[in-house]
Amino acid sequence: MDQYRSELDARRTYAALETAQEGISLLDENGKFTYVNQVYADNYGYDREEMLGRHWEILYPADETDQVHEEILPEVHEEGHWRGQTTGLRADGTTFPEQHSLTEIEDGGLVCVVRDISERKERKRDLELFRTLLDHSTDSVFVFDPETGTPLDVNDTACRELGYSREELLDRSVIDFEAEFTGRDDWRSFVDDLRADGQTTFDGVHRRRDGATFPVEVNATYVELDRGYVLSMARDVTERRRRERQLRESEQRYRTLAEYFPNGIVTLFDHDLEYTLAAGRGFDDIPVEPADLEGANFYDVWPAATADGLVPAVLGTLEGEERSVELSYAGREWILHAVPITDERGDVFAGMTMAQDITERKEYQRRLEETIDRLEESNERLEQFAYAASHDLQEPLRMVSSYLQLIERRYADAFDEDGEEFLAYAIDGADRMREMIDALLTYSRVETRGEPLAAVDLDAVIADVREDLRLPIAESDAEVTVDSLPRVRGDSSQLRQVFQNLLSNAIEYSGDEPPRVHVSAERESADAASAARGSGRWIVSISDEGLGIDPEDQERIFEVFERLHSRGEYDGTGIGLALCQRIVERHDGEIRVDSTPGEGATFSVVLPAVDDA
């Protein structure tokens, strides 16, 4: 009977070993396997039979065997038992974490129980990662007991937002910090609705530890696992509410203006590119109504081609930049200006666009460009004509002058007094005709034959002019004084023509007294117009004490062939001041005269300055 019972116990023990969920093995006093169950063999990737008789060291990395020999086995022999974690080595060379238990038996052998805890380790790592992600979330995350409203877990953001430590929050109820719930009945009613719907989103108000409140957007979900839980994620929307309020206020300010915005469209939009305002009389010309925009997203309103043209301006505005783009839409041409809307701190909380219909302007610009092209072609033809005409006129004029001079040399003795006078008139007329042709040719070539504009030292220009006029200055006993003059941007050769003409006129029209001429310069006052032009301008003045000019004639003297005196009184072609005006206009400057008859005249030439740099 005893033998039967012993065999029965042995069979029961064997069955228990074979059906156990853990890996179980027996080692003899030499550390060799005398028994392994299937789970144990599978853990290490061996067949059961090939493990029998082999030493346990095949199942551990080298550094682990040292630990077993030096720490674990001594503790087993002393205490009779050891339990802990080790690293197992599979037959294919891979390792895995294992929960290991060793128990010493009477014959000096060991019972080894092993459980593969790879999945447990993985789950722990996943939980740690999940906790880290939750703690770094910008939203407050709570897990509530649906019965009591007590937090079962919270993330760091929730603690930081509400001003509590984690332990303090876990001792409180949702009623303490969610102002929407005034009591447990409110909370239970909320949970009942949540259990029925699964999840909900609502606007709440959270109360901090110091009593201050702030608006939140709450997303709550009922989760059923081993029991029920309420998962809540709350986002602080203080900044969003502030921007929405400012956007509403801006909308109220701009709406009246926008509705009467002439020939264009005004819109306001938020950071989600949702339009909050759309108005303007430009909607009369497009297939979109203001109501189609307000409350709609930018990408849902405009066709792809139009949206692609607007995107850089719209997105740039929300980054604080001002942008302008031109585009075509609904058969019209538009220019759109996009500007950021900022609060008192300078933060951008919205964007505004102002689109103006420039179809007529573009058409006018196109016609203007065509006109300019035609004028340039016309000017080119006129220049060619002037050159050809001067060349063709010069040839017969030279012949007339040559024969008149020949008649004067050969037959002068045959003329009476009237004949000599008539011959002198003819020669003088031919000379004046040649001068006029040359002057007209020079006038026609001011724009096309000039040198590129560069820095010009006016001191050097006036010095050259005075040298050219040395003889008339000496003959008239003229006194010419010159202040220090600036550098200007211009064509040195053409400016020399201008100042030579003006100085020559000042000497010639001085009257009976010796000429007194003064050249000076002053900076033009820095008004908005001159500031917009860049470096500003210089006013160079040539003042004399001569005959002066009647105010009624001061505009006329700049016209071609206009003369105030007869040719018998003063020489000249009548084109000198017109040439001066055209040269100055090429320099983006001005020429004007200020004069009183009998008290002299001051001619002022305004020229662009050159930066000292």
Side-chain angles (χ1 to χ4, degrees), residues 130-131 133-166 168-252 268-277 294-297 300 343 347 349-350:
F130 184 64
R131 163 59 64 185
L133 293 175
L134 284 182
D135 285 341
H136 283 80
S137 170
T138 56
D139 294 337
S140 296
V141 181
F142 304 84
V143 178
F144 291 108
D145 184 327
E147 298 300 323
T148 64
T150 302
L152 301 175
D153 197 6
V154 296
N155 69 346
D156 286 348
T157 303
C159 300
R160 187 168 57 252
E161 291 284 349
L162 295 173
Y164 293 97
S165 68
R166 188 186 302 273
E168 289 172 327
L169 268 182
L170 296 181
D171 284 339
R172 294 185 175 273
S173 168
V174 65
I175 301 168
D176 295 330
F177 54 81
E178 175 53 76
E180 294 297 307
F181 301 120
T182 58
R184 294 193 181 279
D185 289 341
D186 280 350
W187 168 253
R188 292 193 180 100
S189 176
F190 168 76
V191 172
D192 289 341
D193 293 340
L194 183 62
R195 184 183 286 109
D197 297 335
Q199 68 174 42
T200 186
T201 299
F202 65 94
D203 292 332
V205 177
H206 276 187
R207 186 185 301 108
R208 293 190 176 94
R209 181 174 187 167
D210 60 7
T213 60
F214 60 96
V216 291
E217 182 181 81
V218 180
N219 183 277
T221 305
Y222 189 85
V223 181
E224 190 75 52
L225 298 174
D226 56 330
R227 50 168 290 190
Y229 299 92
V230 173
L231 176 63
S232 170
M233 301 183 70
R235 175 169 297 178
D236 184 348
V237 291
T238 303
E239 186 65 20
R240 185 200 301 175
R241 296 285 186 269
R242 185 179 70 84
R243 289 183 174 181
E244 289 173 350
R245 183 180 66 256
Q246 290 174 330
L247 195 55
R248 286 194 300 271
E249 294 171 353
S250 297
E251 178 186 335
Q252 293 169 0
L268 282 178
F269 52 90
D270 59 23
H271 276 265
D272 295 325
L273 296 186
E274 183 174 300
Y275 285 108
T276 60
L277 179 148
E294 293 186 4
N297 188 273
D300 297 333
D343 57 21
D347 296 332
F349 66 88

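Nothing fancy with the numbering, it's 1 onward along the sequence.
A pairwise comparison of heavy atoms in Ala158 and Ser140 identifies CA-OG, 3.4 Å as the closest pair. Scanning both residues, Val141 and Met233, for their nearest heavy atoms gives CG2-CE, 4.1 Å. Nearest heavy-atom pair, Ser165 versus Cys159, reported as atom, atom and distance to 0.1 Å: C-SG, 4.0 Å. Pairing each heavy atom of Pro146 with each of Val230, the nearest pair is CB-CG2, 4.0 Å. When all heavy atoms of Thr238 and Phe214 are compared, the closest pair comes out as OG1-CB, 3.7 Å. Nearest heavy atoms, Gln199 versus Leu194: CA-CD1, 3.5 Å.
No side-chain heavy atom of Arg172 sits less than 4.5 Å from a side-chain heavy atom of Leu162. Within the 4.5 Å cutoff, the side chain of Val218 has no heavy atoms near those of the Thr200 side chain. Between Thr213 and His206, every side-chain heavy-atom pair lies at or beyond the 4.5 Å cut-off. You'll find the side chain of Phe144 reaches within 4.5 Å of the side chain of Pro151, heavy atoms only. Within the 4.5 Å cutoff, side-chain heavy atoms of Arg227 are placed close to those of Asp145. In this structure the side chain of Asp176 never reaches within 4.5 angstrom of the side chain of Tyr164, judged on heavy atoms. No side-chain heavy atom of Arg188 sits less than 4.5 Å from a side-chain heavy atom of Val191.
Without hydrogens or angle criteria, Glu178 side chain to Val205 main chain gives a donor-acceptor distance under 3.5 Å. For the pair Asn155 (side chain) and Asp139 (backbone), a donor-acceptor distance under 3.5 Å is present. Side-chain atoms of Asp193 never come within 3.5 Å of backbone atoms of Phe190 as a donor-acceptor pair (strictly under, hydrogens ignored). With hydrogens and angles disregarded, no donor-acceptor distance shorter than 3.5 Å links the side chain of Asp272 to the backbone of Glu274.
Within the 6.0 Å centre-distance limit, the rings of Phe142 and Phe177 are counted as a close aromatic pair.
Residue Arg184 holds its CZ atom at 11.0 Å from CD of Glu147, rounded to the nearest 0.5 Å. Note: Trp187 CH2 to Ser173 OG = 8.0 Å, rounded to the nearest 0.5 Å. Atom CZ of Phe349 sits about 11.0 Å away from atom CG of Asp270, to the nearest 0.5 Å. One distance of note links CG of Leu169 with CG of Leu152; it measures 12.5 Å at 0.5 Å rounding. Here the CD-CZ distance, from Glu217 to Arg240, works out to 4.5 Å after rounding to the nearest 0.5 Å. Between atom CG of residue Leu231 and atom OH of residue Tyr222 there is a gap of 12.5 Å, rounded to the nearest 0.5 Å.
Within a 6.0 Å sphere centred on CZ of Arg207, heavy atoms belonging to other residues, nucleotides or ligands number more than 12.
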